[in-house]
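We count ligands from 1, going down the list as the structure has it; atoms in each ligand are counted the same way.
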Amino acid sequence: MMEALKAINTRRSVRKYKKKKVPKKIIKELINAARNAPSSYNEQPWVFITITDKEKLRKIAEPEEQKSNFLKDAPLVIACCYDEKKSSTKIHNLENVAVAAENILIAANALGLGACYVTAFTSKYPVIEKRIRKVLKLPGNVHPVCLITIGYPDEEPVDKEMRPLKEVWKKEEYV
Ligand SMILES: Cc1cc2nc3c(=O)[nH]c(=O)nc-3n(C[C@H](O)[C@H](O)[C@H](O)COP(=O)(O)O)c2cc1C
């Protein structure tokens, strides 16, 4: 297994996967990494739904607006949601799930998997959330934040230019 910093720094979005299934033991590791994330007031309001059913994935991937059609060919998708009944502060719900989602992305990389964060919640396209709700039979108190596509990589992640350290790192003050 990769060391933590290497897993963080080499993570890149992978959107094309081999057909090989992700073993249950590995899926368990991913969810375990997610549930160990920090959360506001330690409320851990998240719930993670693993989806491997092709028909379900096809239905979720359908909306044109999402531009994430690769979702239907992923061997595994994890819908990362929060349960509003388990959280006392609405304002932190997205953050809580997003930090847990990043844990999944890093753990996936460490385990030799490729993954991609796909937005499930967007006020611009409420149809996406609606579709996910229907397919996953989410109760009204459970809200999807993102879908993470996962599988054994079948593409080299695109090389991307990162903003330089000296641009993003300010010392003591902004200027
Ligand atoms: C909040 C958020 C939403 C994203 N939504 C999508 C998406 O809907 N579809 C997609 O293909 N990638 C999505 N991504 C992945 C980004 O495109 C990707 O992280 C970015 O281009 C940087 O590339 P990297 O992940 O390889 O470092 C999303 C990432 C984040 C953090």
Between Glu95 and Asn93: side-chain donor-acceptor atoms closer than 3.5 Å: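 Distance-only check fails for Glu95 and Asn93.
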Donor-acceptor side-chain pairing of Thr149 and Tyr117 below 3.5 angstrom: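 Result is no, nothing qualifies.
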Per atom 5 (N) of ligand 1, closest listed option by heavy atom (Leu105, Asn69, Thr119):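 Looking at heavy atoms only, Thr119 sits closest to atom 5 (N) of ligand 1.
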Using a strict cut-off of 4.0 Å, indicate which atoms of ligand 1 neighbour a heavy atom of [X].
| X | result |
| --- | --- |
| Phe70 | 11 (O) |
| Ser13 | 15 (C), 18 (C), 19 (O), 24 (P), 25 (O), 26 (O) |
| Arg11 | 24 (P), 25 (O), 27 (O) |

Check: Leu5 main-chain N/O paired with Asn9 side-chain donor or acceptor under 3.5 Å: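 Judged by distance alone, yes, a pair lies under 3.5 Å.
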Quiz item: cation-pi between Lys20 and Tyr152, 6.0 Å / 45°: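 The answer is yes, since Lys20 meets both limits relative to Tyr152.
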Ligand 1 contact on Ala98 by region, counting heavy-atom pairs under 4.0 Å: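 Neither; nothing of Ala98 gets under 4.0 Å from ligand 1.
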Non-hydrogen atom of Ser68 closer than 4.0 Å to ligand 1: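 Checking ligand 1 against Ser68, which is what was asked, there is a heavy-atom contact under 4.0 Å.
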Spatial distance of atom CG (Leu94) from atom SG (Cys80) [nearest 0.5 Å]: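 Going from the CG atom of Leu94 to the SG atom of Cys80 covers 12.0 Å.
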